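The block underneath contains the structure these notes are about, expressed in structure tokens.
As the structure lists them, so they are numbered: ligands from 1, and atoms in each ligand from 1. Fair warning: this is a prediction, and the values are worked out from it, not measured in the lab.
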Amino acid sequence: MPLTIALPKGRLADDALLWLDRAGWPLPVSDNGRRLVIPSRDGSLNYVLAKPMDVPVFVEQGAADIGIAGLDVLRERAADVYEPMRLPFGHCRLSVAAPVDRPDRPLRLELSPRVATKYPRLAADYFRRRGISVELIALSGSVELGPLVDLADLIVDLVETGGTLAANNLVELRTILESQAVLIVNRASYRLQRAQIDHLLSSMRKIVG
Ligand code: PRP
């Protein structure tokens with residue numbers, strides 16, 4: 001039976017395919033971009049292209065046997081999956097950032113800052129552990145807008161180059177999580193299709209080191 005691989009659309013997609021190709025995994029056939037399930041040329045794998053936040057859900061639920069997800073998204077979803085291998089791309093960090101002109105003010109305990117984020121679980125955990133009460137504002141994109149339009153005092157968001165923060169007059173205050181791409185496997189699939197999955201994992205391990 002072909003294994004199903006969930007790949008994230010967006011910024012991890014090109015690197016994910018590059019590393020699968022280097023490891024010798026059969027790649028998806030070329031497509032016009034609208035098909036959501038794409039077979040490999042030899043028919044041994046099916047690829048599912050999902051929103052990055054959904055990849056851990058597909059794999060945890062068994063809709064995909066294997067997936068590539070950012071560690072940030074994996075922890076936010078708290079998905080119960082096997083994590084055999086970190087992959088050498090997608091490096092970024094989940095950070096707390098604030099407006100350049102008032103970086104410290106919002107972290108004062110008595111102010112209960114409003115925090116805009118795509119990562120409400122990780123943000124809530126971070127502030128709770130530090131005894132800082134916050135009001136979380138869950139957004140699904142363009143989080144940096146929050147402080148600009150006075151929707152939020154702080155943001156918790158991914159930083160890769162720092163370009164988006166700088167362009168919006170924001171400064172990084174704390175790092176919550178260092179992230180990178182992770183290869184994940186559905187736990188039941190790993191028991192039932194062990195030989196096939198181990199073959200793919202070992203070919204990746206050879207090039208990842
Ligand atoms: C991510 C992240 C930041 C930006 C960081 O957003 O949420 O906005 O990239 O990258 P940088 O530090 O290199 O500037 P993405 O482009 O995925 O879009 P989104 O904000 O719509 O989610």
Side-chain angles (χ1 to χ4, degrees), residues 5-20 28 31 33-34 36 47-60 64 67-79 81 83 86-104 106-107 113-128 132 134-184:
I5 320 283
L7 296 182
K9 294 185 204 171
R11 55 173 57 209
L12 290 181
D14 288 349
D15 277 337
L17 285 170
L18 187 76
W19 280 88
L20 295 186
D31 170 69
R34 304 307 304 175
L36 296 176
Y47 287 90
V48 185
L49 303 181
K51 293 257 187 191
M53 275 281 179
D54 294 339
V55 169
V57 181
F58 276 66
V59 175
E60 182 178 35
I68 291 179
L71 185 63
D72 52 304
V73 159
L74 198 55
R75 295 291 175 261
E76 176 64 23
R77 288 298 205 172
V81 293
E83 298 175 27
R86 303 263 166 116
L87 299 172
F89 60 90
H91 292 93
C92 59
R93 51 199 185 272
L94 185 69
S95 293
V96 184
V100 152
D101 55 352
R102 47 193 157 92
D104 293 326
L107 279 179
R114 299 163 299 163
V115 181
T117 187
K118 287 184 284 191
Y119 298 83
R121 178 198 294 266
L122 293 177
D125 279 358
Y126 177 82
F127 289 108
R128 190 172 43 241
I132 301 171
V134 296
E135 182 191 336
L136 284 174
I137 300 171
L139 298 178
S140 56
S142 304
V143 170
E144 292 85 357
L145 250 181
L148 300 182
V149 297
D150 198 27
L151 176 71
D153 304 298
L154 294 171
I155 66 167
V156 167
D157 200 16
L158 292 184
V159 181
E160 190 181 351
T161 62
T164 310
L165 289 184
N168 293 291
N169 296 319
L170 296 165
V171 62
E172 209 174 339
L173 300 182
R174 309 269 193 279
T175 298
I176 294 182
L177 175 76
E178 298 281 353
S179 185
Q180 70 186 88
V182 184
L183 205 147
I184 57 175

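- Taking only nitrogen or oxygen atoms, main chain and side chain alike, S140 does not reach within less than 3.5 Å of ligand 1.
- Here is the list of ligand 1 atoms found below 4.0 Å of a heavy atom in T164: 4 (C), 5 (C), 8 (O), 10 (O), 11 (P), 14 (O).
- Side chain of Q180 to backbone of L71: no donor-acceptor contact under 3.5 angstrom is found.
- Considering only heavy atoms from C-beta on, N169 stays 4.5 Å or farther from P147 through its side chain.
- Summary of contacts: the protein heavy atom closest to atom 7 (O) of ligand 1 is D157 OD2, 2.8 Å.
- For the pair D153 (side chain) and R114 (backbone), a donor-acceptor distance under 3.5 Å is present.
- Shown in contact with V159 at under 4.0 Å from a heavy atom are these atoms of ligand 1, numbered in order with element: 12 (O).
- Per-residue contacts place S142 under 4.0 angstrom from the following atoms of ligand 1 (heavy atoms of the residue considered): 19 (P), 20 (O), 21 (O).
- The main-chain N or O of E172 is never found under 3.5 Å from a side-chain atom of S95 such that the two would form a donor-acceptor pair.
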Run the salt bridge (Lys or Arg N to Asp or Glu O under 4.0 Å) check on K9 and D54 step by step: do they pass? CA-CA 10 Å; K9 294 185 204 171; D54 294 339; over 6 Å; no

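- The distance from ligand 1 to the heavy atoms of K118 drops below 4.0 Å at these ligand atoms: 6 (O), 7 (O), 19 (P), 20 (O), 22 (O).
- Heavy-atom distances between V143 and ligand 1 stay at or above 4.0 Å for every pair.
- Looking from atom 16 (O) of ligand 1 to the surrounding protein, the closest heavy atom is R11 NH2, 3.0 Å.
- Among all protein heavy atoms, the one lying closest to atom 8 (O) of ligand 1 is E144 OE2, 2.6 Å.
- R75 places no side-chain N or O within 3.5 Å of a backbone atom of R121 that could act as its donor or acceptor partner.
- Taking CG of D72 as the start and CG of D157 as the end, the distance is 9.5 Å to the nearest 0.5 Å.
- Contact atoms of ligand 1 toward T161: 11 (P), 12 (O), 13 (O), 14 (O) (distance under 4.0 Å to a heavy atom of the residue).
- The shortest N or O to N or O distance between G162 and ligand 1 is under 3.5 Å.
- Considering only non-hydrogen protein atoms, atom 5 (C) of ligand 1 sits nearest to L158 O, 3.4 Å.
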Derivation and outcome, salt bridge (Lys or Arg N to Asp or Glu O under 4.0 Å), residues R77 and E60: CA-CA 10 Å; R77 288 298 205 172; E60 182 178 35; over 6 Å; no

